[in-house]
Amino acid sequence: PEAINIQELANRMSERAVDVIRLLMKQGAMHKITDVIDADTAQLIAEELGHTVKRVAASDVEEGLFDAVDDSTDTEPRSPVVTVMGHVDHGKTSLLDALRHANVVSGEAGGITQHIGAYQVTSPESGKKITFIDTPGHAAFTAMRARGAKVTDIVVLVVAADDGVMPQTVEAINHAKAAKVPMIVAINKIDKPDAKPERVRTELLQYEVQVESLGGEVVDVEVSAKNKTNLDRLLEMIALQADILDLKTNSTRPAEGTVIEAKLDRGRGPVATVLVQRGTLRIGDIIVAGAEMGRVRALISDQGDTVEEAGPSVPVEVLGFNGPPEAGDRLAVVENEARARQITSYRAHRKRENAAASISGMRGSLEQMMS
Ligand code: GTP
Ligand code: MG
């Protein structure tokens with residue numbers, strides 16, 4: 001049901017909440033300032049106080065922002081987005097590192113991934129690009145999924161051959177299943193003397209992950225991030241899976257994407273790592289993500305280079321937000337700042353409203369704005 005908190009209603013009319021309560025009392029209802037009243041009652045009160053009421057539906061504000069349903073113009077092929085998941089220390093970052101021939105692990109504090117990294121790797125075989133997302137644990141993935149963000153096309157499950165299936169391996173399996181994305185198992189650390197890849201395959205059976213050699217359909221690849229063993233084969237298997245998915249996009253439309261992570265950087269201000277999913281993001285574009293807006297001031301690639309634009313499946317750091325958005329927020333380019341302000345103020349408002357509603361023990365969100 002559509003409702004509004006009394007304090008919020010008073011604020012929006014620049015009236016005192018106590019006057020709103022007094023009017024409600026005249027109508028025979030006793031209320032506290034934190035109470036939530038329905039939209040019709042709120043309208044009556046507002047009119048009684050001499051205000052004109054204009055109701056705005058959520059659909060009016062958000063309409064046209066994401067035409068996710070209309071994908072008829074998605075005709076260009078795009079690179080797959082692969083999320084690397086697995087138990088702590090099973091070698092996710094090392095594997096990505098080896099794939100991109102860089103060295104991230106040694107630069108990390110204590111070797112533990114502090115944030116999500118997003119990188120593009122070019123397969124030496126096909127020359128095709130693959131976008132990888134490295135997750136610190138699964139909290140970020142869960143948060144994004146809870147917020148309806150769908151960024152991953154394929155999950156690579158990393159399992160250390162010397163350690164086997166562990167609690168976070170199981171979590172990752174459940175995530176992949178819930179997200180309904182195909183999974184490829186990378187059995188890592190096969191260079192280790194105590195590596196038991198066969199045991200990993202058997203353990204996976206318990207969680208209904210049946211690899212090909214055991215009669216199932218899940219592809220598994222034995223790798224060593226340390227010795228760079230079988231990495232080409234892993235890339236090939238990802239490329240093959242991507243071909244099956246037949247991923248398409250449209251690079252010519254205004255950009256749409258998802259915020260992978262965002263922070264407030266001391267020197268650079270709000271910085272958001274964004275995965276562009278459709279269209280092309282360019283310097284100067286006016287953007288909204290969640291309740292934040294801005295104008296793209298700079299784009300920085302996964303290589304640390306300043307770039308002019310970023311197309312579909314490209315991860316990029318975006319500078320120019322007025323404040324850091326949240327992981328999982330959808331990014332969109334809008335036509336002008338007035339539109340951006342309208343959308344973000346509406347969302348910020350809704351956010352406050354939802355918080356207030358949950359505080360006063362009421363569920364449901366505000367669907368109206370009053371003036
Ligand atoms: P978190 O980000 O903390 O969850 O860890 P991670 O899964 O990213 O693991 P990381 O890549 O940081 O590797 C953990 C440890 O395993 C490091 O000491 C790596 O050097 C080691 N390691 C990773 N891959 C291999 C491998 O193929 N063989 C051997 N012998 N060691 C490896
Ligand atoms: Mg890591």
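If you read the sequence from its start, that first residue is 1, and numbering goes on from there. Atoms within each ligand, like the ligands themselves, are counted from 1 in listed order. All values reported here derive from a predicted model rather than from experimental measurement.
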| Is the distance between the Mg ion (ligand 2) and the nearest N/O/S atom of S94 smaller than 2.8 Å? | no
| note | Partner of E222 under salt bridge (Lys or Arg N to Asp or Glu O under 4.0 Å), picked from K192, R233, R201, is R201
| Do E256 and R330 sit within salt-bridge range, that is, some charged N less than 4.0 Å from a carboxylate O? | yes
List the atom pairs, with distances to 0.1 Å, where a side-chain N or O of residues 307-315 and a protein N or O form a donor-acceptor pair under 3.5 Å, not counting sequence neighbours.
residue, atom, partner, partner atom, Å
E309, OE1, R282, NE, 3.1
S313, OG, R78, NH1, 3.4
S313, OG, S79, O, 2.7

| Those atoms of ligand 1 less than 4.0 Å from some heavy atom in V88 | 4 (O)
| field | Ligand-side contact atoms (ligand 1) for residue partner S224, heavy atom cut-off under 4.0 Å | value | 27 (O)
| Any N or O of L95 that comes nearer than 3.5 Å to an N or O of ligand 1? | no
| said: Please classify the K226 to ligand 1 contact at 4.0 Å (heavy-atom distances, strictly less than): side chain, backbone, both or neither. | reply: both
| query | Which of the numbered atoms in ligand 1 are below 4.0 angstrom from a heavy atom of K192? | reply | 30 (N)
| message | Would you compute the distance between atom CD1 of I238 and atom CD1 of I130 and round it to the nearest 0.5 angstrom? | response | 4.5 Å
| K26: what forms a side-chain contact (heavy atoms from CB on, under 4.5 Å) with it, not counting sequence neighbours? | L23
| request: Drop me the distance from D305's CG to E317's CD, to the nearest 0.5 angstrom. | output: 12.0 Å
| note | Near A225 (heavy-atom distance under 4.0 Å), the atoms of ligand 1 are 24 (N), 26 (C), 27 (O)
| Among D89, N227, N188, whose heavy atom sits nearest atom 1 (P) of ligand 1? | D89
